[in-house]
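In what follows, residues are counted from 1 in the order of the sequence shown. Computed from heavy atoms alone, side chains included, the values below leave out hydrogens, waters and symmetry copies.
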Amino acid sequence: MNDELNVLIATYLEPELVERIASSDPRLRVLYEPDLLPVPRYRCDHGGQPRTLSQAEQQRWQAMLAAADVSFDFDWQEPARLPERAPRLRWVQATSAGIGAFMRRTGLHEHELTVTTAAGIHAVPLAEFAVAGALYFIKGFEQLRRRQAAKQWQRYTTEQLAGRSVTVIGLGGMGSRTAAHFAALGARVTGLGRPGGQYNLPDGVTVRSTEELSEVLPATDVLVLCCALTPQTEGMIGAAQLAALPAGAILINLSRGQVVDEPALIEALAAGRLAGACLDVFTVEPLPADSPLWELDNVIISPHSASTVDTENAALTELFLQNLQAWRAGQPLRNTYRRELGY
């Protein structure tokens, strides 16, 4: 591809990162007007607070969409109409790893548009979050905080993560890194991937199929969900699966809230059958104020933010530039969304 390429940046990026994209290839024409985009609520926010555009601003935004050959993120206004509003568009680089539900909800999965995800970009912070959540309950930090508040000096016996059985469901970039982090700390790790999948995992990590979930759960001390949300994984962890876990097990959800039967999880936590849950995702987001999860002492609630670190935009830009070079050369792109799999 030797012709000029119009690259739309459809989410806020720092000026130096926009310049990095623009200077990467003299054939690029970067279309970027941050005043037409949602206002970031925090660093590396790719949702943002939507703006109300004037008629002139709206016309400018629609003209940019119409001119775009490639887009860094989706149209923030009407993503479902992207094929109509951006008729020249051939490829979108998403800023999220889990876009399956979004693609189905908007109907974009039915179009031939090439989409690449941010899979792997968030792997390290999410793996760290999973380890931190497990250690919070295993090392009894909540109990320590209560005793500290009461100025109570009382020696006790702690537990350890090393030697515990950890099961990671989903072995993409996030799941593989999570499995590696737990294995490095001495846990006995089993990874569940799709049947026939090939995964790059450290020595000592056992790989089994998600079809063997019922066999693995009874020996799982820490269950970590890292799978994509697909019709096959929706509701994967229900009352029966939670009951199959040993007493005192810990559940960590980095996937999507819909993978877990939330009422069944609340019941298991309230009854004390689970030692705790560390949750970054929920069935309804933001988590409603009347959710019982807010009141449970054995729950850590993160507002779908465990993946967001201050270096995310730089990492996303590097991924985009790698894919842009491959796109120019007619080579395969990294993290291409596969409609038949839903991720």
Side-chain angles (χ1 to χ4, degrees), residues 1-13 17-18 21-22 24-25 27-33 36-38 46-48 50 58-122 172-173 194 228-234 256 312-313 315-343:
M1 295 182 184
N2 296 314
D3 53 332
E4 183 180 78
L5 202 66
N6 291 331
V7 176
L8 173 65
I9 299 178
T11 187
Y12 178 81
L13 282 183
L17 298 179
V18 176
I21 293 172
S24 68
D25 189 328
R27 298 167 295 178
L28 298 185
R29 175 173 172 246
V30 172
L31 309 175
Y32 180 61
E33 293 193 39
L36 303 181
L37 301 175
H46 297 289
Q58 185 64 45
Q59 290 174 346
R60 278 164 40 209
W61 176 243
Q62 291 183 185
M64 291 168 68
L65 281 169
D69 299 304
V70 170
S71 183
F72 189 109
D73 221 344
F74 296 92
D75 176 15
W76 63 273
Q77 290 182 325
E78 299 182 85
R81 294 182 58 205
L82 194 56
E84 172 190 345
R85 283 158 62 89
R88 294 179 45 159
L89 191 63
R90 290 174 282 166
W91 161 44
V92 176
Q93 172 63 62
T95 56
S96 176
I99 65 170
F102 167 84
M103 294 291 286
R104 292 190 296 274
R105 183 174 66 252
T106 57
L108 291 176
H109 71 294
E110 298 177 355
H111 295 273
E112 294 303 316
L113 181 68
T114 296
V115 177
T116 50
T117 77
I121 291 294
H122 310 108
R194 66 179 185 274
L229 176 61
T230 68
Q232 291 72 39
T233 62
E234 186 169 358
R256 287 293 184 265
E312 179 181 300
N313 281 350
L316 285 168
T317 299
E318 288 304 313
L319 172 62
F320 179 63
L321 289 173
Q322 292 172 18
N323 270 339
L324 189 59
Q325 183 178 15
W327 177 265
R328 280 292 201 182
Q331 298 173 347
L333 304 184
R334 177 180 164 190
N335 299 342
T336 299
Y337 173 76
R338 296 177 59 183
R339 288 163 178 80
E340 73 279 12
L341 297 178
Y343 57 87

Subject >> Derivation and outcome, side chain to side chain contact (heavy atoms under 4.5 Å, CB included), residues Gln77 and Gln58 >> reply: CA-CA 10 Å; Gln77 290 182 325; Gln58 185 64 45; 2.8 Å; yes
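Counting only heavy atoms from C-beta outward, the side chains of Asn335 and Leu319 approach each other to under 4.5 Å. Looking at Leu5 and Trp327, their side chains come closer than 4.5 Å, going by heavy atoms from C-beta outward. Within the 4.5 Å cutoff, the side chain of Asp25 has no heavy atoms near those of the Leu324 side chain.
Taking both residues in full, the closest heavy atoms of Ile121 and Ala315 are given as CD1-O, 3.6 Å, listed atom of the first, atom of the second, then distance. Arg256 approaches Ser96 most closely through the heavy-atom pair NH2-OG, 3.7 Å. Leu13 approaches Tyr32 most closely through the heavy-atom pair O-OH, 2.9 Å. The shortest non-hydrogen separation linking Ala326 to Leu333 is CB-CD2, 3.8 Å. The nearest pair of heavy atoms linking Leu28 to Arg328 is CD2-NH2, 4.1 Å. Here the closest non-hydrogen pair linking Thr233 and Ala228 is OG1-O, 2.7 Å.
If you take CG on Leu316 and NE2 on His46, they are separated by 5.0 Å, rounding to the nearest 0.5 Å. One distance of note links OG of Ser71 with CG of Leu65; it measures 7.5 Å at 0.5 Å rounding. Taking CD of Glu234 as the reference point, atom CG of Leu229 lies at 5.5 Å (rounded to 0.5 Å). With values rounded to the nearest 0.5 angstrom, Phe74 atom CZ is found 6.0 Å from Leu108 atom CG. With rounding to the nearest 0.5 Å, the separation of CD1 in Ile9 from CD1 in Ile21 is 4.0 Å. Taking CG of Leu17 as the reference point, atom CG of Asn313 lies at 6.5 Å (rounded to 0.5 Å).
Within the structure, the side chain to side chain donor-acceptor pair (under 3.5 Å) test picks out the following pairs touching residues 106-121 (sequence neighbours left out): Trp91-Thr116, Gln93-Thr116.
Legend: residues meeting side chain to side chain contact (heavy atoms under 4.5 Å, CB included) with Glu78, ordered by chain and number and at least two apart, are Asp75, Arg81, Arg85.
In this structure, the side chain of Asp69 engages the main chain of Asn6 through a donor-acceptor pair within 3.5 Å. Looking only at distances, no side-chain donor or acceptor of Asp73 sits under 3.5 Å from a matching main-chain atom of Thr11. With Tyr337 contributing its side chain and Ala94 its backbone, the two residues share no donor-acceptor pair below 3.5 Å.
Residues Gln322 and Glu318 have side chains that never bring a donor and an acceptor to within less than 3.5 angstrom of each other.
Note: Phe320 and Phe72 have perpendicular aromatic rings, judged against thresholds of 30 and 60 degrees for the angle between ring planes.
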